[in-house]
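Written below as structure tokens is the structure these notes are about.
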Amino acid sequence: PVRGWNGARCTGNRGGQKADQNDFLRALTTADVVHVLAHGDEGSLVDIGVTADSLEAFLCSNEDRLRASLVVFSSCLVGQELIIPLVRRGVTVIAPRTELHWDVLIGLFTRFYYHLFPGTVSQGITIAEAYRRALQRLPLDLLNEPYTSNELDNIVVYGDPSMCFRYSW
């Protein structure tokens, strides 16, 4: 699914239906934070049909409408072809460099968002700090898996890790 967060609501996952390329591209113009959970490869997000070419074309024609400031790919793999066009336009991207186990992705990003958006008011915790806190609070059973440490080393923040969000509900 593609989830877009703009302070109070999510967009993109229409009642459990599978998100597609249009949902992802629309989220880039309507949400501050876009989280993508999809299978990826070097040049595309396979599950939702986004290719490097379609992303670049969309960004070129909608550059003035781009709202997303953080895009998180919790995919098994995301190629540079999808990351670089976003970062060039000022979007911070979190993405894996290699294939990852789903339990690592779910464990990490559940805690990441918990720290990035801790409640009804946030006074601006940075992405880097939220990520550090999420790593510190991963469950021991996950940390004891032989693959976990190598996989965590392959999740990269591209762009500005000092970015923070301020909001109140």
Of all heavy-atom pairs between [X] and [Y], which one has the smallest distance, and what is that distance?
| X | Y | value |
| --- | --- | --- |
| His101 | Asp103 | CB-OD1, 3.0 Å |
| Ser54 | Gly49 | OG-O, 4.4 Å |
| Asp23 | Arg26 | OD1-NH2, 2.7 Å |
| Ile94 | Phe112 | CD1-CZ, 3.7 Å |
| Ser74 | His35 | OG-NE2, 2.7 Å |
| Leu152 | Tyr131 | O-OH, 3.7 Å |

Pairwise distance [atom1]([X]) to [atom2]([Y]) - rounded to 0.5 angstrom:
| X | Y | atom1 | atom2 | answer |
| --- | --- | --- | --- | --- |
| Leu82 | Thr51 | CG | OG1 | 7.5 Å |
| Phe58 | Thr29 | CZ | OG1 | 5.0 Å |
| Arg67 | Leu28 | CZ | CG | 12.0 Å |

Any donor-acceptor N/O pair, [X] side chain to [Y] backbone, under 3.5 Å:
| X | Y | result |
| --- | --- | --- |
| Thr110 | Ile106 | yes |
| Arg111 | Arg137 | yes |
| Asn154 | Glu151 | no |

Plane angle bin for Phe73 and Phe24 - parallel if under 30°, tilted between 30 and 60°, otherwise perpendicular: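 The rings of Phe24 and Phe73 sit tilted, inter-plane angle from 30° to 60°.
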Aromatic ring pairing Tyr113/Phe117, orientation class (parallel under 30°, perpendicular over 60°, tilted between): parallel
side-chain contact (heavy atoms from CB on, under 4.5 Å) evaluation trace for Tyr114 with Arg133: CA-CA 10 Å; Tyr114 174 81; Arg133 290 181 187 181; over 6 Å; no
Val36 and Val78: CA distance, side-chain angles, deciding distance, side-chain contact (heavy atoms from CB on, under 4.5 Å) verdict: CA-CA 11 Å; Val36 180; Val78 177; over 6 Å; no
Worked verdict on Leu25 versus Leu55 for side-chain contact (heavy atoms from CB on, under 4.5 Å): CA-CA 8 Å; Leu25 299 176; Leu55 177 60; 4.1 Å; yes
Hydrophobic clusters here meaning ILVMFWY residues chained together by side-chain heavy-atom distances under 4.5 Å, can you tell me if [X] and [Y] are in one?
| X | Y | value |
| --- | --- | --- |
| Ile84 | Ile155 | no |
| Leu66 | Ile83 | yes |
| Leu105 | Val157 | yes |

With Asn22 via side chain to side chain donor-acceptor pair (under 3.5 Å) - residues at least two apart: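 Per chain and number, Asn22 pairs via side chain to side chain donor-acceptor pair (under 3.5 Å) with no residue.
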Side-chain heavy atoms of Leu108 within contact of Leu100, under 4.5 Å: no
Sequence neighbours excluded - side-chain hydrogen bond (donor to acceptor under 3.5 Å, both in side chains) pairs with any residue from residues 83-92: Glu56-Arg89
Candidate pair Asp32 and Leu70, rule side-chain contact (heavy atoms from CB on, under 4.5 Å), full reasoning: CA-CA 7 Å; Asp32 298 309; Leu70 174 64; over 6 Å; no
